[in-house]
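One-based numbering, in listed order, for ligands and for the atoms of each. Please read these numbers as outputs of a predicted model, since none were measured by experiment. Computed from heavy atoms alone, side chains included, the values below leave out hydrogens, waters and symmetry copies.
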Amino acid sequence: MSEVKNVSIHGQWSSRWAFILAATGSAVGLGNIWKFPYITGEYGGGAFVLVYLVSVALIGIPIMMAEVMLGRRGRQSPINTMRYLAKAEGRHGIWSWIGWMGVLAGFLILSYYSVIAGWALAYVFRTGSGAIQAVGSAGIRNIFTELVSDPERLLAWHTIFMVMTMVVVARGVKNGLETAVRYLMPALLILLLILVGYAMNTGHFYEAVDFLFKPDFSKLTGGAILTAMGHAFFTLSLGMGAIMVYGSYLPDNASIARTSIIISIADTAVALLAGLAIFPIVFSFPELSPGAGPGLIFQTLPMAFAQMPGGLIFGTLFFILIVVAAWTSSISLIEPAVAWLIENRGMTRIMAAVWCGVATWLVGIATVLSFSKWAFDFNFLGTVKHNGVFDILDILTANIMLPAGGFLIAIFAGWMMKEKHSREELALGYSYTVWQFLIKYIAPALVLVVILNLFEVI
Ligand code: TRP
């Protein structure tokens with residue numbers, strides 16, 4: 001297992017662009033269109049957004065480069081990559097735990113991710129059938145409440161989405177992934193721009209711009225800072241080996257820095273556009289509140305689609321594209337586990353995909369029930385959460401496991417690996433020093449400070 005070739009046994013991207021598209025496909029997903037707006041709304045806007053943007057720049061980009069670099073050097077699943085690299089660098093085998101923790105985080109995230117993607121699937125049909133056109137704003141909110149309080153329906157959509165994910169994973173990264181991303185991501189961007197154009201005419205556009213970009217630091221609680229930083233990991237797919245496993249399929253001659261920066265900018269742009277599309281609509285309906293929680297986009301966007309010319313078509317298309325964005329992300333959540341099963345258990349790709357799919361599907365049932373039978377309120381650092389297990393899974397993964405994984409990746413890449421090796425792999429020339437400074441000191445220190453601050457240690 002420790003012999004490394006220049007190409008992964010699982011295949012390789014056909015070009016640098018294929019990698020950029022696939023990694024962008026992984027990064028751009030529900031995190032941008034569903035989660036970013038709703039947590040921004042919950043945590044009060046501008047100041048939260050600022051912390052998120054700073055985290056992307058100072059923590060996200062250097063850690064993304066580190067993940068791609070480790071992946072490409074290891075050329076295996078994250079568990080085996082970390083084991084191999086630890087040995088090659090003369091370090092303890094315990095570093096492979098980064099890979100194990102990542103596999104667990106990926107499972108847990110996908111388990112609820114698939115349920116939410118199921119909501120988007122349901123909305124393809126809710127909008128496509130014209131159901132939202134006739135009912136008015138109260139009716140639109142009812143449609144949402146009815147959907148999430150019906151575990152049977154949620155389970156059905158969750159099942160369909162899991163099957164979709166497994167089909168692509170079973171076909172392998174290249175065949176399954178590249179084509180989906182190449183055409184559908186640009187389409188999503190165009191549709192978002194159309195929606196922003198619509199939002200500009202609601203008369204509340206500047207209110208939304210203020211909300212998103214004018215920081216009110218009095219709203220910046222410890223919980224808000226942690227959530228913003230955790231979201232930087234989540235939205236860039238960092239901290240659990242997804243980008244590492246994609247990096248292991250990257251050709252040797254591609255520039256890691258340039259690709260990472262392009263991916264991060266694209267991901268951030270999509271999130272900000274989603275915010276600019278959604279908040280003007282929120283502010284133009286007095287009965288809607290930015291803090292509505294996970295249902296935010298499902299209660300606001302249909303209002304716009306119900307009113308705008310061609311709304312039926314745009315709405316349907318938009319939810320289709322959200323599903324696709326979620327689809328290209330979900331495969332990266334499970335790919336590290338699948339790659340490991342193939343390497344270490346000698347499974348075929350199809351069998352590995354089926355096992356992982358079934359396990360994730362089962363865990364997902366907890367989220368299905370979180371919006372009805374298993375719903376309960378609890379207080380998380382100043383914000384009241386209403387959706388029991390779902391919220392706990394989200395906090396555990398995005399706010400704890402991903403930052404912890406990212407921290408360890410930064411320590412390994414910055415301190416455990418010989419400088420000669422990271423220099424060689426990154427091939428950065430002069431700017432290597434900038435990356436080195438960020439990965440050794442800034443990124444790990446910021447993660448630590450945010451976490452310590454939370455426990456009021458500092
Ligand atoms: N980044 C994706 C999103 O924003 C979700 C995702 C895919 C992810 N792969 C990941 C999150 C790995 C964390 C880790 O929707």
In the protein, what heavy atom is nearest to atom 9 (N) of ligand 1, and what distance, to one decimal place, separates them?
Ser332 OG, 3.0 Å
Side chains of Ser330 and Thr165, donor plus acceptor under 3.5 Å
yes
Looking only at protein heavy atoms, which one is nearest to atom 10 (C) of ligand 1, and what is the separation?
Leu333 CD2, 3.3 Å
Residue, atom name and distance, where the atom is the protein heavy atom closest to atom 11 (C) of ligand 1:
Phe234 O, 3.1 Å
Counting heavy atoms only, which part of Ile243 comes closer than 4.0 Å to ligand 1: side chain, backbone, both or neither?
neither
Minimum-distance protein heavy atom relative to atom 7 (C) of ligand 1:
Ser237 OG, 3.3 Å
Does Ala27 reach ligand 1 with a nitrogen or oxygen that is under 3.5 Å from one of the ligand's nitrogen or oxygen atoms?
yes
Quick check on contacts: which atoms of ligand 1 are under 4.0 angstrom from a heavy atom of Ala242?
12 (C)
Angle between ring planes, Phe48 versus Tyr43, binned at 30° and 60°: parallel, tilted or perpendicular?
parallel
I'd like to know if Lys219 pairs up with Glu42 as an ion pair, taking the criterion as any Lys NZ or Arg NE/NH1/NH2 lying under 4.0 Å from an Asp or Glu carboxylate oxygen.
no
Taking the inter-plane angle between the rings of His231 and Tyr52 on a 0 to 90° scale, is it parallel (under 30°), tilted (30 to 60°) or perpendicular (over 60°)?
tilted
Closest protein heavy atom to atom 2 (C) of ligand 1, given as residue, atom name and distance to 0.1 Å:
Ser26 O, 3.2 Å
Element-labelled atoms of ligand 1 that are located less than 4.0 Å from some non-hydrogen atom of Leu402:
13 (C)
Subset of ligand 1 atoms that lie under 4.0 Å from at least one heavy atom of Leu30:
15 (O)
Using a strict cut-off of 4.0 Å, indicate which atoms of ligand 1 neighbour a heavy atom of Met240.
12 (C), 14 (C)
Under 3.5 Å, is there a donor-acceptor pair between the Glu343 and Ser77 side chains?
yes
Using a 6.0 Å cut-off, check whether atom CD1 of Ile350 has over 12 heavy atoms from anything other than its own residue.
no
Atom 15 (O) of ligand 1 has as its nearest protein heavy atom Tyr113 OH, 2.4 Å
